[in-house]
Amino acid sequence: MPLSDAQRPLYEVKANLFKGLAHPYRIRILELLSAAEEVTVSALQQETGLEASHLSQHLSVLRRHRLVRSERRGSHVHYRLADRRTAELLAVARALLLGMLSSDHDQLAQARRLPDLPASPRPLSPGEDG
């Protein structure tokens, strides 16, 4: 069944969410932001090992796809998740990945050595911002 004209924009928004997630460094940045209320650009750079220009490009994509928010305070820019449910999405994606890799022991062992994700925050009520 083809998409109706009314449905198409909703699926495009959903596809854009996944485009924002579609890079290993952006996933890592989101994991780092999941572990804290906010993180400075310099801390993100240190944790990821990215050059400032590359980190800036990834943060720009994440902002464009509404996954992160930024705030300048003095000479520092602080980033946080735009919605805390992103942390839950990352945790579910990791569990799915582990299930998919369970038949490949080498990849599964590598996946289990990934840095820990923070505990899931309390579920948000519909309409409640993260």
Within one Ile-Leu-Val-Met-Phe-Trp-Tyr cluster: [X] and [Y], side-chain cutoff 4.5 Å:
X: Leu96; Y: Leu114; value: no
X: Tyr79; Y: Leu17; value: yes
X: Phe18; Y: Leu33; value: yes
X: Val68; Y: Leu32; value: yes

Partner set under ring pair (Phe, Tyr, Trp, His ring centres under 6.0 Å) for His78, not counting sequence neighbours =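 Partners of His78 under the ring pair (Phe, Tyr, Trp, His ring centres under 6.0 Å) test: none.
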What is the distance from atom CD of Gln57 to atom NE2 of His23, rounded to the nearest 0.5 Å?
->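 Rounded to the nearest 0.5 Å, the CD-NE2 separation comes out at 9.5 Å.
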In Å and rounded to the nearest 0.5 Å, what is the CG to CG distance from Leu21 to Leu89?
->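 Those atoms lie 6.0 Å apart.
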Can you name the nearest heavy-atom pair linking [X] to [Y], along with the distance?
X: His58; Y: Ile29; answer: CB-CD1, 3.8 Å
X: Ser34; Y: Arg84; answer: O-NH2, 2.9 Å
X: Lys19; Y: Arg26; answer: O-NH2, 3.4 Å
X: Leu55; Y: Val41; answer: CD2-O, 3.6 Å
X: Arg63; Y: Ser70; answer: CD-OG, 3.8 Å
X: Gly20; Y: Leu62; answer: O-CD2, 3.6 Å

Should the heavy atoms of other residues, nucleotides or ligands under 6.0 Å from CD of Glu71 be counted, would the total exceed 12?
->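 Count over threshold, so yes.
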Does a sphere of radius 6.0 Å around CD in Gln46 hold more than 12 heavy atoms from other residues, nucleotides or ligands, not counting ones at 6.0 Å or beyond?
->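 At most 12 heavy atoms, drawn from other residues, nucleotides or ligands, come within 6.0 Å of this atom.
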Test log, rule side chain to side chain contact (heavy atoms under 4.5 Å, CB included), inputs Glu47 and Leu44 = CA-CA 5 Å; Glu47 288 291 328; Leu44 289 171; 5.8 Å; no
Intermediate values then yes/no, side chain to side chain contact (heavy atoms under 4.5 Å, CB included), Val77 and Leu59 | CA-CA 11 Å; Val77 178; Leu59 290 169; over 6 Å; no
Side chain to side chain contact (heavy atoms under 4.5 Å, CB included) between Glu38 and Arg73: does it pass, once the steps are laid out?
-> CA-CA 12 Å; Glu38 62 183 21; Arg73 287 190 225 126; 2.7 Å; yes
